[in-house]
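The block underneath contains the structure these notes are about, expressed in C-alpha cells.
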2 protein chains.
Amino acid sequence: MTSATAAWVGDGYDPECPTRVLLDRVGDKWTVLVIGVLADGPMRFTALRDRVGGVSGKVLTATLRALARDGLVTRTAYPTIPPRVDYELTDLGRSLQGPLDVIRDWSEQHIAAVIAHRDKFDDGASE
Amino acid sequence: MTSATAAWVGDGYDPECPTRVLLDRVGDKWTVLVIGVLADGPMRFTALRDRVGGVSGKVLTATLRALARDGLVTRTAYPTIPPRVDYELTDLGRSLQGPLDVIRDWSEQHIAAVIAHRDKFDDGASE
DNA sequence: CAGTATCCGGTTAGATACTG
DNA sequence: CAGTATCTAACCGGATACTG
C-alpha cells in the first residue's frame with residue numbers, strides 16, 4: 001500500500017467484506033442489547049424478551065436465529081410441555097464483548113460532542 | 001450492579017443510548033467506507049464517490065451530511081465555478097478510527113468461523 | 001412457552017433526470 | 001461539479017392472531 005488508506009477499505013462496497021458482515025449483524029436494532037443481556041448467562045426466550053424490553057416476539061426470534069446462524073449463541077430446546085428453550089453466548093459470541101466494549105467506551109466519551117454538533121447543525125438549518 | 005450485565009444494557013431499547021447513536025451512524029451501508037477513504041486526507045465529492053465505488057450521488061450526499069451533522073467530517077465549499085467541495089475528517093472523526101480498527105480486527109480474525117457456522121446452519125435448514 | 005403467519009407503515013437505497 | 005427532485009423496490013421492525 002502506498003497510501004495511508006485503512007486496510008479495510010477495498011474497492012467499492014463488498015457485502016462479503018468481514019467488517020461489513022459484522023456491522024450488518026451488530027448494526028441492527030436489538031442484537032447488541034441481546035448480547036449484553038446474554039452476557040449474564042443462559043436465558044430462556046421469555047426472560048430474554050422481558051430483560052431486553054420492548055422487543056416483539058417475532059423480531060427477537062429473528063435476532064436470535066441470526067445470532068445462532070452465525071455461531072454467536074447456542075439454542076437449546078428441551079422437548080418438554082410447555083417447551084423450554086435456552087439461549088447462551090458461545091465463546092465466539094463472548095469474544096465479541098471486547099470490541100463492543102470499545103464501541104461503548106468511545107460512545108460514552110464522545111457522544112456529548114456528537115450531540116452538540118448535531119444540535120448546532122440543526123439550528124443552522126432552520127434559520 | 002449486582003449482576004455481570006454489561007453496563008450498556010439499560011432498560012429496553014433507548015434511541016438515545018450512546019452506543020445506539022454510534023451504531024445507527026456507523027451501521028449503515030456506506031459510512032464506514034467513507035470514513036476509511038477520508039482517512040487518507042481531504043477529498044472532493046466526485047473523488048470520494050469514485051474511491052468509495054458503487055455509491056450513488058444522492059446516498060453519498062446523505063451519508064456525508066449525516067457525518068458533518070455529527071461533527072465527524074467538515075464540509076468546505078469553495079464559491080468557484082464549477083463548485084468545489086472538500087470533505088475532511090475532524091479530530092472527532094479520526095478518533096473513531098481506533099474503535100473501527102478493533103471491529104475490523106475482530107472481523108478478520110473470526111469471520112471465517114462465522115461463515116462456517118452460517119453454512120452449516122443453512123445446510124441443516126434445507127434438509 | 002416459544003414460537004409462526006400475516007399484514008402493515010416507515011425507512012433505506014438505487015435509478016434517473018434536472019440545476020446553479 | 002456538486003448536488004436536488006422524484007419515483008420505486010426492498011427491507012426492517014411492529015401489531016395482531018394463531019398453534020404445537
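Here the structure is a predicted model, which is why all the values come from computation and not from measurement.
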[Y]/[X] salt bridge by N-O under 4.0 Å criterion:
X: A/D24; Y: B/K29; value: no
X: B/D91; Y: B/R94; value: yes
X: A/K120; Y: A/D122; value: no

Query raised in the report: Heavy atoms under 4.0 Å, any strand shown: does B/R49 hit a base, just sugar-phosphate, or nothing?
Result: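 Counting heavy atoms under 4.0 Å across all strands, no contact is made by B/R49.
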Report task. Name the nucleic acid region contacted by B/Y87, choosing base, sugar-phosphate or nothing; use a 4.0 angstrom heavy-atom cut-off, strictly under. Result ->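 The answer is sugar-phosphate, as B/Y87 gets under 4.0 Å only of primed atoms, P, OP1 or OP2.
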Query raised in the report: Are any of the side-chain heavy atoms of B/Y87 and B/M43 separated by less than 4.5 Å?
Result: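 Result no, sub-4.5 Å side-chain heavy-atom pair not found.
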Query raised in the report: With a 4.5 Å heavy-atom cut-off, do A/V85 and A/R44 have their side chains touching?
Result: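 A/V85 vs A/R44: side chains apart.
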Query raised in the report: Hey, is the main chain of B/R25 close enough, under 3.5 Å, to the side chain of B/T31 for a donor-acceptor pair?
Result: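 Present.
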Report task. On DNA chain D, check which nucleotide each of B/R44 and A/P83 is closest to and give me the residue with the more 5' one. Result ->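 In this pair, the answer is B/R44.
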Query raised in the report: Can you tell me how far C1' of C/dT12 sits from CG of B/D24, to the nearest Å?
Result: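 Checked: the CG to C1' distance equals 13 Å.
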Report task. To the nearest Å, give me how far apart CZ (B/R65) and P (C/dT12) are. Result ->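 Whole-Å distance recorded here is 15 Å.
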Query raised in the report: Using the C1' atoms of the five pairs at each end, what is the angle between the end axes of the helix from C/dC1-D/dG20 to C/dG20-D/dC1, to 10°?
Result: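 Taking the rotation axis at each end, their angle is 50°.
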Query raised in the report: What are the 5'-most and 3'-most nucleotides of DNA chain D lying under 4.0 Å from any heavy atom of chain B?
Result: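 It runs D/dC1 to D/dC7.
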Query - In one Ile/Leu/Val/Met/Phe/Trp/Tyr side-chain cluster, 4.5 Å: A/L60, A/W30 - result: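 As far as the 4.5 Å side-chain criterion goes, A/W30 and A/L60 are connected within one cluster.
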Requested in this report: Give a yes or no on whether A/R65 atom CZ has more than 12 heavy-atom contacts from other residues, nucleotides or ligands under 6.0 Å away.
Outcome: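 No, not enclosed.
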